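Working notes, structure below.
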There are 4 protein chains.
Amino acid sequence: MSAQRQRRQARRDERREELKQAAIEVFHEHGYHAARVSQIVKKVGVAQGTFYLYFEGKQQLFSEIISDFLEMVVTTVASWEPGAIDSREDLREELTRVGLMLTEELLRNELSTAIFFNEAMAVAPEINELIRHFYETLQAMLSDFNRILCQRGLIAPMDFTILGSMTIGMVERVILERVVYGTLKDAEPRAIVDHLIMHFLAGTIEPIGEPASAGQPVALDRTETSDNAAPTEV
Amino acid sequence: MSAQRQRRQARRDERREELKQAAIEVFHEHGYHAARVSQIVKKVGVAQGTFYLYFEGKQQLFSEIISDFLEMVVTTVASWEPGAIDSREDLREELTRVGLMLTEELLRNELSTAIFFNEAMAVAPEINELIRHFYETLQAMLSDFNRILCQRGLIAPMDFTILGSMTIGMVERVILERVVYGTLKDAEPRAIVDHLIMHFLAGTIEPIGEPASAGQPVALDRTETSDNAAPTEV
Amino acid sequence: MSAQRQRRQARRDERREELKQAAIEVFHEHGYHAARVSQIVKKVGVAQGTFYLYFEGKQQLFSEIISDFLEMVVTTVASWEPGAIDSREDLREELTRVGLMLTEELLRNELSTAIFFNEAMAVAPEINELIRHFYETLQAMLSDFNRILCQRGLIAPMDFTILGSMTIGMVERVILERVVYGTLKDAEPRAIVDHLIMHFLAGTIEPIGEPASAGQPVALDRTETSDNAAPTEV
Amino acid sequence: MSAQRQRRQARRDERREELKQAAIEVFHEHGYHAARVSQIVKKVGVAQGTFYLYFEGKQQLFSEIISDFLEMVVTTVASWEPGAIDSREDLREELTRVGLMLTEELLRNELSTAIFFNEAMAVAPEINELIRHFYETLQAMLSDFNRILCQRGLIAPMDFTILGSMTIGMVERVILERVVYGTLKDAEPRAIVDHLIMHFLAGTIEPIGEPASAGQPVALDRTETSDNAAPTEV
DNA sequence: TATGAATGAGCCTTCATTCAT
DNA sequence: AATGAATGAAGGCTCATTCAT
């Protein structure tokens, strides 16, 4: 009895996932508004009505897809471990670890990422709230992180709300270009993460490309850099 | 004759602008897809058909609104004058000038800004292309700027494409929060611009908030940041 | 399974036919352009959307109605059997058979016939092509028939393309008047067919009304007719 | 005063005619329903409103165009002079005269002819009545003609209403093909008229192409026509 | 559970006509 | 007479959702 029930539930979950995956593809290809429920069910090979046995409707499914995505991001970012960080080098390492993990996740969920950035804000107020909440959570997390870092003297004091926004923006646009539009597809994830972290840490003071020199600011005077007209674009 | 023609043209332009403005409000309030042409004309007090004397249709008008917005941004950003910049202090001043100007423009076009960030990517492929083109233009402009700065030894060498994306992201998220969502409404435009520039210049090395100390990095306690020699400011 | 599928298909076909029939009535009553889809569905008692489950749109349905009609005509005309025709009498009999069959079909599809003659050319270029093609087919068929008849010495040589057009015109106007406008509603189909055939065979040489004399031309010379005997009008 | 008034009236008539001519072109090119008043005025180079100074509306203008056409046809057909006709040869000559005159007129008004055949019945009930009336007039005229001819022993007695319809149909389809569709454009007007008349007079008994033999029925037996497999298509 | 036929509200757009100038 | 901006009614079609089977 229970075994049969379990099997049924498993089959149900499977089909649900199939539909959701198909929806992600359709939403990605056409955008939410041009996406048709009929296209989704056709991809899976079930009848129109079946869709409504698994989801309340088109919007609710979209909402769920966005929720999944946001939760994944939050979980990844929240995995940061500030405990053992005592130096800027420690910080750099930890940020690199988290950055690479996030990058990996986003690349794994390329379509959802694209949907999130392109469509999510233009579907319905409820979803906008979801997203606003996400950004607020992210802001709060980053503020906490940065406050800790500041207390430990690892970063300078400043308005951590603004800093949080800047960090989020920096990261998300780079992700957008790399994961969604492929503009930065020549750049290795590692290089991208390095740039993000170095920029977070030192703005445009320190060069990137020679890991050896990382942590040691270049002397920013003309004589030394004059022969560096064509910087090595990583 | 000519006088009458001129008067007509003037009235025509005026009405066109009225309709466009009403459309911006409606698009902002309901989003592109939920916006109704009927709501737009009702706001202006003209008949439904009149709308089509001035615009080809709902989407074309949206497209025009986005174009206007993008052009405004590009024009503002392009007003940067790299000529006389010889030091990081010069750079800071020039960036501040442009940053404040952009902020001012965006605040003046608050609704368009919101529409751009929330809706623009989810309307139609043609508009997406418009926007992609915009970002590419921006990227190219920033890359050029940074290359020049780098040649002058004002910033370190790195991948300027990535740097461009980071800068764009940084700026646009802060704008979004401040202008569109009001999250940073407590922060003065000036403070925001300062943060953006300082972060661009020095990441999280330098404190912000005490203009007096600007340019002098906080002592990032060397014991804690042992291998992190205090960066020498220009 | 298969049984249910069959039942469904049957019901589907039935409803499709119902809608098409209703459309024929509406097109006939109001003409294509003034016909409303809403009138069609109301006649059948289904929702507006249902219409689009069965037809791509108003024009496509019209096109289908015309196609059906044209096919019916071509099929009927093509049923002619020239094999055993060796004399003008044989020819007359065969033409009579086909003529009556066509008349019967057209009377059975009175409304479609009317729609064809009144509306079909004024709906859309695609439909015009359909109709042009129909006439070309008919022309070709008639030319072939007549060439055969000529070879057998049953009709005189002449330009069979012109002859084909004359025959088509002769027939279609008589049909139009009888079936569509009812002008000739006093005339029995048989009488009409007789007139058509006799006219085709002998122009105005032979009288119609006394089948007995058929085949024997009235003496058409001046002396006999100069005294102007009042002919008995049938 | 009166001179000025006359000049004004002349200018008015001229412009009215210009508009009507433009309308004919537009109606011909697009069909009545797809024709736009804006296209008509653009052709003439006047404002939209000007159109309504000369015509009550689009439909009324169409109606007028059709009326002009019908009147032209009736006038031409009515020019027949039965007075001196005493023999079938006389008849043939008179019919040829009228036939050529009609053909000439129709070729001169090619566009109106096309509009009449393709569009006229599908515009509005009032116009249909106009056309029905036209056909009835034509019918009556032909019936009268034929009755006279019959009385003079030139044609056999039959149902002259049916004969009238047959004649009208014969003529109009040949015209349609030649003038409107160009299918018979290889045939000289004279050849067409000859065919029409010969068919009217003798159906398919007499050959066409050798005017010499006109009036003398070919012997319709196989021996003479057997080697005539490929009749001279005029 | 699955099906898929049926629903029906809702909107963008066109264009003949009007009328103030 | 001429203009041309303004009108506004009207309808084809879509598609998310429901529900009887």
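Every value quoted in this text rests on a predicted model; they were computed, and no experiment measured them. Just so it is clear: chains get the letters A, B, ... in the order the sequence lines come, proteins before strands, and each one is counted from 1.
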Side chain of Ala47(D) - closest among dG4(E), dT7(F), dG4(F): dG4(F)

Presence of Arg15(B) side-chain N/O under 4.0 Å of dA5(F) phosphate oxygens OP1/OP2: no

Heavy-atom neighbours of Arg11(C) CZ exceed 12 at 6.0 Å: no

Minimum-distance pair of heavy atoms, taken over all atoms of Phe116(D) and Ile66(D): CA-CD1, 4.0 Å

Distance-only donor-acceptor check, side chains Gln59(B) and Glu126(B), under 3.5 Å: yes

Base-contact (B) and sugar-phosphate-only (S) positions in nucleotides 14-21 of chain E, heavy-atom cut-off under 4.0 Å, - elsewhere: BSSBB---

Rounded distance (Å) that lies between atom P of dA1(F) and atom CZ of Arg16(D): 12 Å

Spacing between Gln39(B) atom CD and dT13(E) atom P, to the nearest angstrom: 14 Å

Flag if over 12 foreign heavy atoms under 6.0 Å of CD, Glu71(A): no

Ala120(B) to Ile127(B) - nearest heavy-atom pair and separation: O-CG2, 3.5 Å

Dot-bracket encoding per residue of DNA chain E, Watson-Crick/G-U cut-off under 3.5 Å, | denoting interstrand: .||||||||||||||||||||

Close side-chain approach of Phe69(D) and Ile65(D), heavy atoms under 4.5 Å: no

Within 45° cone of Tyr32(D) ring axis and under 6.0 Å: Lys58(D) NZ or CZ: yes

4.5 Å side-chain heavy-atom contact, Glu17(A) and Lys20(A): yes

Side chain to side chain contact (heavy atoms under 4.5 Å, CB included) assessment of Asp68(C) paired with Ser112(C): CA-CA 9 Å; Asp68(C) 288 353; Ser112(C) 294; over 6 Å; no

Arg8(A) atom CZ, neighbour heavy-atom count above 12 within 6.0 Å: no

Glu25(C) side chain near Leu111(C) side chain, heavy-atom distance below 4.5 Å: yes

Sugar-phosphate, base or nothing in reach of Tyr54(C), heavy atoms under 4.0 Å: sugar-phosphate

Spacing between Gln60(B) atom CD and dT13(E) atom C1', to the nearest angstrom: 14 Å

Gap between atoms NZ and C1', on Lys42(B) and dG8(F) respectively (whole Å): 14 Å

Of residues 17-26 of chain D, the positions that come close to DNA chain F - non-hydrogen atoms, cut-off under 4.0 Å: none

